[in-house]
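Worksheet for the structure shown next.
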Amino acid sequence: MKRKTIDIITLGCSKNLVDSEHLMRQLEEVGYHVTHDTEKPEGEIAVINTCGFIGDAKEESINMILEFAQAREEGELEKLYVMGCLSERYLKELAIEIPQVDKFYGKFNWAELLQDLGKAYHEELHIERTLTTPNHYAYLKISEGCDRKCSYCAIPIITGKHVSRPIEEILDEVRYLVAKGVKEFQVIAQELTYYGVDLYKKQMLPELIERISEIPGVEWIRLHYAYPAHFPTDLFRVMRERPNVCKYMDIALQHISDSMLEKMRRHVTKEETYHLLEQFRKEVPGIHLRTTLMVGHPGETEADFEDLKEFVRKVRFDRMGAFAYSEEEGTYAAAHYEDEISQEVKQARLDELMSIQQGISAELSAAKVGQRMKVIIDRLEGDYYVGRTEFDSPEVDPEVLIEQNGQTLLIGNFYQVEIINSDDFDLFGRVI
């Protein structure tokens, strides 16, 4: 093992990744060499940043902890620490069940880890991060927590109430990241549209995005995880007027049947949902909509599912993900509903919904053949440069593959690309 080396392993969402990046910067400041997501332990210390959102994520986190706990027992590690959502939620239980872990931290007290290593937390570095993404893009977390009380969701239990970051602090972080070479910002929160209500007594997302867009060097801003009820419609104007605000919105809708929306406690109706999507497409021409849908929530009938399929066929989302309901202890659904739909039925519905979307995605991709698009290059992979358009977020959306063919493209640079072919999800292009 390498002395003064710490391995950080990040599980779960990009919000966790931001926490890991802040911790890495602090550890480097106090003299450690830090690696991220190594296959096996390299250093004397490992820190696992866990996810506790749904059953599969919790299982992955537990398995990772056990794997590193075994390495700790076999002398490959001197110290093992665990932080993040899973340990925030099950801290006492985990400490008893896995004693090989030196200490468990929650989601918000990871700065204590530095104290436990005999080091000081450097407050003046609170906006600084060591990026684990390619240098040209970064995730920008604008708030923590969530005030929504959706029936199925454990996030408010884990993260607590919504807490917005001050606008000036966010703008300082953007300037800092631009100076490091970041051109593209994925703006993230558990719930973007509530931003500012706690601090400024009104929704401030449109103003925040407008102010970020004015910072020199910010070339793309992309928005993730909006909520459909009480959507701040001034954002339409910002997206329409500001060329560096991507025409892209990630808005989790979960369902369309009124009875399911009520059971899920979503505070929005079928009619309001359709109206909002119409507004998006009317007010922001060319916008690409990403959503997430859920099947198998308690009470979902065949009629509800048929409604959902019809919704997907009718709206033709540019990007869509779906998942099956998983009962989470402590949630409203766990306390008030019986998880009566079998796993087989949930999986069948999930497969059917994604099959519908696959056909839609193939058609929408094929319609782009012949178009010229601005593409940022993320990496060289085999014989292809791999990039994205403004309509594609890293890791979750389609990519543009450009055959290397003797040409040299610079990672992180933008190019005009003609789309020459497509498959179900990805595009193929040539630089023009």
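The basis for the numbers below is simple: all heavy atoms, side chains too, and nothing from hydrogens, waters or symmetry mates. Computed from a predicted structure; not experimentally measured.
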Report summary line: Residues Ser87 and Val82: closest non-hydrogen pair is OG-O, 3.9 Å

Requested in this report: Verify ring-ring contact (aromatic ring centres under 6.0 Å, His included) between Tyr248 and His224, making sure each step is shown before the conclusion.
Outcome: CA-CA 9 Å; Tyr248 177 104; His224 283 278; 5.5 Å; yes

Query raised in the report: Would you call Glu144 and Lys15 a salt bridge, taking side-chain N to carboxylate O under 4.0 Å as the test?
Result: no

Query raised in the report: Out of Glu390, Glu219, Glu210, which residue meets the salt bridge (charged side-chain N to carboxylate O under 4.0 Å, His left out) rule with Arg242?
Result: Glu210

**Report entry** Ring geometry between Trp220 and Phe414 (parallel below 30°, tilted from 30 to 60°, perpendicular above 60°)
**Finding:** perpendicular

**Report entry** Arg72 with Glu78: basic N within carboxylate O range, under 4.0 Å
**Finding:** no

Query raised in the report: Can you tell me if Ser355 and Gln357 form a side-chain donor-acceptor pair at under 3.5 Å?
Result: no

Requested in this report: Report the C-alpha separation of Arg430 and Glu403 in whole Å, then their side-chain angles, then the decisive distance to 0.1 Å, and conclude whether the salt bridge (charged side-chain N to carboxylate O under 4.0 Å, His left out) test is met.
Outcome: CA-CA 7 Å; Arg430 62 166 168 249; Glu403 202 165 358; over 6 Å; no

Query raised in the report: Below 4.5 Å, heavy atoms only, C-beta onward: do Asn63 and Phe68 meet side chain to side chain?
Result: no

Query raised in the report: Can a salt bridge be assigned to the pair Arg165 and Glu173 using a cut-off of 4.0 Å between side-chain N and carboxylate O?
Result: yes

Query - Criterion side chain to side chain donor-acceptor pair (under 3.5 Å) on Gln404 and Asp383, from CA distance to verdict - result: CA-CA 5 Å; Gln404 190 177 7; Asp383 296 329; over 6 Å; no

Report task. Determine the minimum heavy-atom distance between Ser14 and Ile188, stating which atoms define it. Result -> OG-CD1, 3.6 Å

Report task. Applying salt bridge (charged side-chain N to carboxylate O under 4.0 Å, His left out), run through Asp392 and Arg319 and close with a yes or a no. Result -> CA-CA 9 Å; Asp392 305 302; Arg319 316 279 181 251; 2.6 Å; yes

Query raised in the report: Quick one: CD1 on Ile48 to CD on Glu67, what's the gap to the nearest 0.5 Å?
Result: 8.0 Å

Query raised in the report: Can you name the one residue among Asp234, Val238, Thr233 that meets side-chain contact (heavy atoms from CB on, under 4.5 Å) with Phe236?
Result: Thr233

Query - Arg129 bridged to Glu21 by N-O distance under 4.0 Å - result: yes

**Report entry** Residue from His22, Glu29, Glu28 passing side chain to side chain donor-acceptor pair (under 3.5 Å) with Arg25
**Finding:** Glu29

Query raised in the report: Would you say Asp102's side chain and Leu80's backbone share a donor-acceptor pair under 3.5 angstrom?
Result: yes

Query raised in the report: Hey, what do you get for CG (Leu401) to OH (Tyr385), rounding to the nearest 0.5 Å?
Result: 13.0 Å

Query raised in the report: Can you name the ring pair (Phe, Tyr, Trp, His ring centres under 6.0 Å) partners of Tyr194, sequence neighbours left out?
Result: His162

Requested in this report: Nearest 0.5 Å please: distance from the OG1 atom of Thr5 over to the CD atom of Glu42.
Outcome: 7.5 Å

Query raised in the report: If you measure from the Lys or Arg side-chain nitrogens to the Asp or Glu carboxylate oxygens, is any gap between Arg281 and Asp318 under 4.0 Å?
Result: yes

Query raised in the report: What is the distance from atom OH of Tyr121 to atom CG of Leu23, rounded to the nearest 0.5 Å?
Result: 9.5 Å

**Report entry** salt bridge (Lys or Arg N to Asp or Glu O under 4.0 Å): pairs with one or both residues in residues 175-194, sequence neighbours excluded
**Finding:** Arg148-Glu191, Asp172-Arg175, Glu184-Arg222, Glu184-Arg388

Report task. Taking all non-hydrogen atoms of both residues into account, name the closest pair between Pro394 and Gln186 and its distance. Result -> CD-NE2, 3.4 Å

Report task. Determine whether more than 12 heavy atoms belonging to other residues, nucleotides or ligands lie under 6.0 Å from atom CD of Glu271. Result -> no

Report summary line: To the nearest 0.5 Å, atom CD1 of Ile167 lies from atom CD1 of Ile212 at 9.0 Å

Query - Intermediate values then yes/no, side chain to side chain donor-acceptor pair (under 3.5 Å), Ser326 and Glu328 - result: CA-CA 6 Å; Ser326 154; Glu328 294 301 313; 3.0 Å; yes

Report task. Kindly indicate whether a cation-pi arrangement holds for Lys103 with Tyr81, taking the cut-offs as under 6.0 Å to the six-membered ring centre and within 45° of the axis. Result -> no

Query raised in the report: Under 3.5 Å, is there a donor-acceptor pair linking the side chains of Gln347 and Gln343?
Result: no

**Report entry** Ser393 side chain to Val396 backbone, donor-acceptor under 3.5 Å
**Finding:** no

Query - Minimum side-chain heavy-atom gap His136-Asp378 below 4.5 Å - result: yes

Query - Met249 side chain near Leu235 side chain, heavy-atom distance below 4.5 Å - result: yes

Query raised in the report: Is the ring centre of Phe280 less than 6.0 Å from the ring centre of Phe231?
Result: yes

Query - Residue Gln279 excluded, over 12 heavy atoms near CD under 6.0 Å - result: yes

Query raised in the report: When the ring centroid of Tyr274 is compared with that of Phe311, is the distance short of 6.0 Å?
Result: yes

**Report entry** Glu168 bridged to Arg211 by N-O distance under 4.0 Å
**Finding:** yes

Query raised in the report: More than 12 non-hydrogen atoms from neighbouring residues, nucleotides or ligands closer than 6.0 Å to CG on Asn135, yes or no?
Result: no

Query - Contacts of type salt bridge (Lys or Arg N to Asp or Glu O under 4.0 Å), residue Lys247, not counting sequence neighbours - result: none

Report summary line: Heavy-atom nearest pair, Cys146 first then Thr159, reads N-OG1, 4.1 Å

Requested in this report: Could you tell me whether the side chain of Cys85 reaches within less than 4.5 Å of the side chain of Asn16, counting heavy atoms only?
Outcome: yes

Query raised in the report: Less than 4.5 Å apart, any side-chain heavy atom of Pro228 and any of Arg266?
Result: yes

Query - 4.5 Å side-chain heavy-atom contact, Ile209 and Leu223 - result: yes

Report summary line: Nearest heavy-atom approach of Tyr325 to Tyr152 is CE1-CB, 3.8 Å

Query raised in the report: Should the heavy atoms of other residues, nucleotides or ligands under 6.0 Å from CD of Glu395 be counted, would the total exceed 12?
Result: no

Requested in this report: Provide the closest heavy-atom pair for Val182 versus Phe185 in the form atom of the first, atom of the second, distance.
Outcome: CG1-CZ, 3.5 Å

Query raised in the report: Any side-chain heavy atom of Asp19 within less than 4.5 Å of one from Lys107?
Result: yes

Query raised in the report: Salt bridge or not for Glu399 and Arg379, using N-O below 4.0 Å?
Result: yes

Query raised in the report: Can you tell if the side chain of Leu86 reaches within under 4.5 Å of the side chain of Leu94, non-hydrogen atoms only?
Result: yes

Query raised in the report: Once you round to the nearest 0.5 Å, how far does CG of Leu409 lie from OH of Tyr384?
Result: 13.5 Å

Query raised in the report: Is it true that Glu44 and Lys79 make a salt bridge, defined as a side-chain N closer than 4.0 Å to a carboxylate O?
Result: no

Report task. Identify the residue among Asp37, Thr132, Thr10, Thr130 that makes a side chain to side chain donor-acceptor pair (under 3.5 Å) with Ser20. Result -> Thr10

Query raised in the report: Do other residues, nucleotides or ligands put more than 12 heavy atoms under 6.0 Å from the NE2 atom of His122?
Result: yes

**Report entry** Pair Asp307 + Lys270: basic N to acidic O under 4.0 Å
**Finding:** yes

